[in-house]
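Heads up, the thing below is written out as structure tokens.
Lettering follows sequence order; numbering is per chain, from 1.
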2 protein chains.
Amino acid sequence: MFLVIDALSAAAEPTRRRILQLLASQPRTVSSIAAEFTVTRSAISQHLLLLAEVGLVTAEKVGRERIYRVVPDGLRQLQAEIDRFWTAELDLLVADAHALKSQRIERDH
Amino acid sequence: MFLVIDALSAAAEPTRRRILQLLASQPRTVSSIAAEFTVTRSAISQHLLLLAEVGLVTAEKVGRERIYRVVPDGLRQLQAEIDRFWTAELDLLVADAHALKSQRIERDH
DNA sequence: AAAACACGTTAGGCGTTACTAACGCATTCC
DNA sequence: GGAATGCGTTAGTAACGCCTAACGTGTTTT
């Protein structure tokens, strides 16, 4: 059904980002999550299935509901991927941007 | 040509991630970047155009070449988006994962 | 017990994406 | 100057992603 992709690509999608944030504060059912969005339950369900595929969430079947929760270990892997991407060089460039901004502010005063 | 998307979605794509990392260490031409990948110049060019669209890189025309470089301010925005996504709750869950891991290690010794 | 209802998933469609092939244009070489 | 080469972009295409509609299944209600 899904092509397995990496955690970062999976988590980057705007809707899935919000889903992860919601689930971070507390486990939820599909419908409960869908209530926070304009798209259908179905769409949310599929996002959750994808997130499960890459190990960022798991579902616990309770009656006819599925309680989805984030998997801490999956999050760790996601964080690791982000860290691997965000190299020291990128960090330096951001620092430069900050410096330039400060300079601009000082000049404008 | 491109639908404008957010910096995080743009940067998350695996090829574009690597492109950004390459450009972080030094500005480069399209061909120079393409040499590091298996896909064609054309594909790389399009990734660069997309990255430019969301303000993560810019091109400087020099002769028949385009020298692409990262835009520090764009990177700052990307970092801000990542930070906005990575809420305190997610951080806590990761910390839990670490704690569990330590426990497991101790138990296994 | 079965009808109505509610939950999550699967099937199918449409727009987008990521790619190669073909192109236009600038530069170099003869 | 013109042919050949090399650069980046545009044109076109197959595959993918995200969505709604239809479905299967479990649960409540009467």
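- Checked for salt-bridge contact, B/E36 and B/R18 miss the test: no charged N lies under 4.0 Å from a carboxylate O.
- Taking 4.0 angstrom as the limit, B/S31 places a side-chain polar atom (N or O) nearer than this to OP1 or OP2 of D/dG8.
- Among the protein residues, B/T40 comes within range of the nucleic acid bases, having at least one heavy atom under 4.0 Å from a base atom.
- Distance OH (A/Y68) to C1' (C/dT9): 9 Å, rounded to an integer number of Å.
- At a threshold of 4.0 angstrom between heavy atoms, the contacts of A/E13 are confined to the sugar-phosphate backbone, with no base atom among them.
- B/H47 has a side-chain polar atom (N or O) that falls below the 4.0 Å cut-off from OP1 or OP2 of C/dC19.
- Counting distance only, with no hydrogens placed and no angle test, the side-chain atoms of B/S42 and the base atoms of C/dA21 include a donor-acceptor pair under 3.5 Å.
- Judged by distance alone with a 3.5 Å cut-off, no donor-acceptor contact links the side chain of B/T15 to the base of C/dA18.
- The base of C/dG8 has none of its N or O atoms less than 3.5 Å from a complementary donor or acceptor on the side chain of A/R66.
- Distance A/I67 CD1 to C/dC7 P: 13 Å, rounded to the nearest Å.
- Note on A/F37: nothing from the nucleic acid sits closer than 4.0 angstrom, heavy atoms only.
- A/S42 and A/Q46 share a side-chain donor-acceptor pair at under 3.5 Å.
- The pair B/R69-B/E60 meets the salt-bridge criterion, with a side-chain N (NZ, NE, NH1 or NH2) lying under 4.0 Å from an Asp/Glu carboxylate O.
- Between D/dC18 and A/R16, a contact under 4.0 Å exists linking OP1 or OP2 to a side-chain N or O.
- In this structure, B/L49 atom CG and D/dT10 atom C1' are separated by 10 Å, rounded to whole Å.
- A/R41 comes within 4.0 angstrom of a base, heavy atoms only.
- As rounded to whole Å, 12 Å separates atom P of D/dT9 from atom CD1 of B/I44.
- Here the closest non-hydrogen pair linking B/V54 and B/A10 is CG2-CB, 3.9 Å.
- B/V71 and A/W86 fall into different hydrophobic clusters, where Ile, Leu, Val, Met, Phe, Trp and Tyr are joined by side-chain heavy atoms under 4.5 Å apart, directly or via other members.
- Across all strands, B/S45 comes closer than 4.0 Å to base atoms (heavy-atom distances).
- Taking atom CD of A/Q46 as the reference point, atom C1' of D/dC23 lies 13 Å away to the nearest angstrom.
- For the pair B/E65 CD and D/dT5 P, the computed distance is 18 Å after rounding to whole Å.
- Rounding to whole angstrom units, CD of residue B/E60 and P of D/dC7 are separated by 17 Å.
- Regarding B/L3, its CG atom lies at a distance of 14 Å from the C1' atom of C/dC14, rounded to whole Å.
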